[in-house]
Amino acid sequence: MAPYSGKYAEELQATAKYVATPGKGILAADESTGTIGKRLSSIKVENVEANRQALRELLFTTPGVGEYLSGVILFEETLYQKTSDGKPFVDVMKENGIIPGIKVDKGTIELWGTNGETTTQGFDDLHKRCAAYYNAGARFAKWRAVLKIGALEPTELAIQQNAQGLARYAIICQENGLVPIVEPEILVDGLHSIEKCAEVTEKVLAACYKALNDQNVLLEGTLLKPNMVTPGSDAEKVSPEVVAQYTVRTLQRTVPPAVPGIVFLSGGQSEEEATRNLNAMNALKTTKPWTLSFSFGRALQATVLKTWGGKKENVKAAQDALHVRAKANSEATLGTYGGSSTGEGTESLHVKNYVY
Amino acid sequence: MAAVGMTMSLKSSTALKGDFLGAALKQTVAAPKAANVAFAVRAAGYDEELVKTANSIASKGKGILAMDESNATCGKRLESIGLENTEANRQAYRQLLVTTPGLGDYISGAILFEETLYQSTTDGRTMVDCLNANGIIPGIKVDKGLVPLTGSNNESWCQGLDGLASRTAAYYKQGARFAKWRTVVSIPNGPSELAVTEAAWGLARYASICQDNGLAPIVEPEILLDGDHGIDRTLEVASKVWSKVFYFLAENNVLFEGILLKPSMVTPGAECKERATPEQVAQYTLNMLKRRVPPAVPGIMFLSGGQSEVEATLNLNAMNQSPNPWHVSFSYARALQNSVLKTWKGQPENVEAAQRALLVRAKANSLAQLGKYSAEGEAEEAKQGMFVKGYTY
């Protein structure tokens, strides 16, 4: 039961450590073609490759954003795209000290006999695909498993399937030089209390780490992307300090110190909410042997999209908006965020039963 | 489909009572407004005390004196210095230990055997009171020893779950505040999947029951030193064992903030030709622990398992050269008592000298916990290995 120690072992650890640099985090820009279409349609922009490329170019060429981002997760199409003057996106990122990552899962499908619980697909040719992504410049990967809280959920079947899937994906990544981000998202949908969320998150994370251990994954060469521990979307909200206490306690109970960094998903929280919660966690004085940072999609891009509206003349303003949020989240990883001065970014981004 | 597995937090007796299916349909709506996070309802009623006990034991510069030898094992110790195994001699010896002045400067907890928990000194004070007066928390061995595991490769499993709830409640009443259960895993015999699973599950059940009754459980899956395997093999087995242990502890809703671990250090087998330096032992052991032990666990108290007094101290010292996410300390029996026994030899006139010998070893290990120990000036005696092949407790 020795963990992965093949040719990429040193590099995996160095990459994971770098992505987990205090003061930095990840921009999740790996929306599939379908999902990015929803984003674009919300600002009345057509879902064609040129527009997808324009949006991503806007994001990756934001001046100075490399100060706050250690990595960006890409969708496959984007990994091979270039800027309008022909520079590969991966080169743009590398020049700015941003490590390219790649989404490698192929979405979720339902588990028979459950009430809409799912497992994640994507194992076919995963070795080959990871090797190709490494050659194209990716150095980390991401695979999203999804669970939900309900009267009977999550079931043992769903927990085990998703934990095993994450572990299998993780070792295949490591064998091909990609740091796996392990993402067991427990959806925020529901009426449940924060205690219930904590209980479920503990159970899920315990199962995940058991599976990772069984598959001989090198924990020092992984990152964790969990949900924050919060009340359900239909339950009464709590303060960032309470979210912080429950979340950190849950992680203290489940995440071994060998894991260098935890990069939270925002899961429908507003930009400001996600930042404040992250900040409160980093302000907590308690044992935290891993860094606590962000891997935000919507919570980094919402205002950017609205500001851009698909128009070239709005690019600079949109990039400024990204800069503002990236900087805010960077401060949150250090526990020094003081709050939004403009009141922007407070709109909830939750979509019920969100399908990626 | 039956509504099983509804209420996931089952440690509270209030949650267990009453309607099972009815509870399933109730949705909790209100979230707490208080910023203070009470520990989840896991260990019924005792959670705060358990955490306090575990943290007190895991204090800087302190560790545990394991003095819970069963009567038979204590007999071996007494025999080695020419003494008969009588209650009076066992009482005299334990009295020597618990009344050592200033012992509480280095020792935060002492594990007792059942007889000792109910014993008094010759001047009528209880052993428990003597320990408390010294600032040392009394603990109690609750397992009932190892027996052969049917269907395994000549391996053992640990007994003691029957009646454990009432026994632990009685021990708590008598003054114990933490417990210990020692199971073993043998590398030369595999270990088999069965043996590892049984060891881990037994520990998880024991831990859960202890917490229910106010005793902070020390979780001890000892990977025996016996064998000629190298340090890499020990690392493999230790990693597998601890992975299972933590998974089952979680399944049993054990409160991690209220437990302590008692692992063996990751070393080569006793008969392995290649030895390891304290730095290597430290590196292997800490790597393993960082990969397996969540930071919620307050303390890791190593067993000495047959290492010499000095070896056990040097290895502990090497592990404390930089900060760890949990308190890393000792829970030593032979490695604290060997010199004490040899100095005492059963003579009342030697008691003070024997107590001083105990303080010497306790202080050395205290310094090792702080990472400040040096082996200069240690007696030759203290460097003698204490490995006994096929050692039965």
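Values below: all heavy atoms of this structure, side chains included; hydrogens, waters and symmetry mates excluded. A, B, ... follow the sequence lines: proteins, then strands. Residue 1 opens every chain.
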Interface residues of residues 320-328 of chain B facing chain A - heavy atom cut-off under 4.5 Å: B/P325, B/W326

Geometric class of the A/W143/A/Y169 ring pair [parallel <30°, tilted 30-60°, perpendicular >60°]: parallel

Donor on one side chain, acceptor on other, A/N213 and B/R291, under 3.5 Å: no

Side-chain H-bond candidate by donor/acceptor type, B/K244 with B/T197, under 3.5 Å: yes

B/Y284 vs B/T234 side-chain heavy atoms within contact, under 4.5 Å: no

Side chain / backbone / both / neither for A/L212 at chain B, heavy atoms under 4.5 Å: neither

SB check A/R253 B/E257 (cutoff 4.0 Å): yes

Donor + acceptor pair across side chains of A/E272, A/Y337 (<3.5 Å): yes

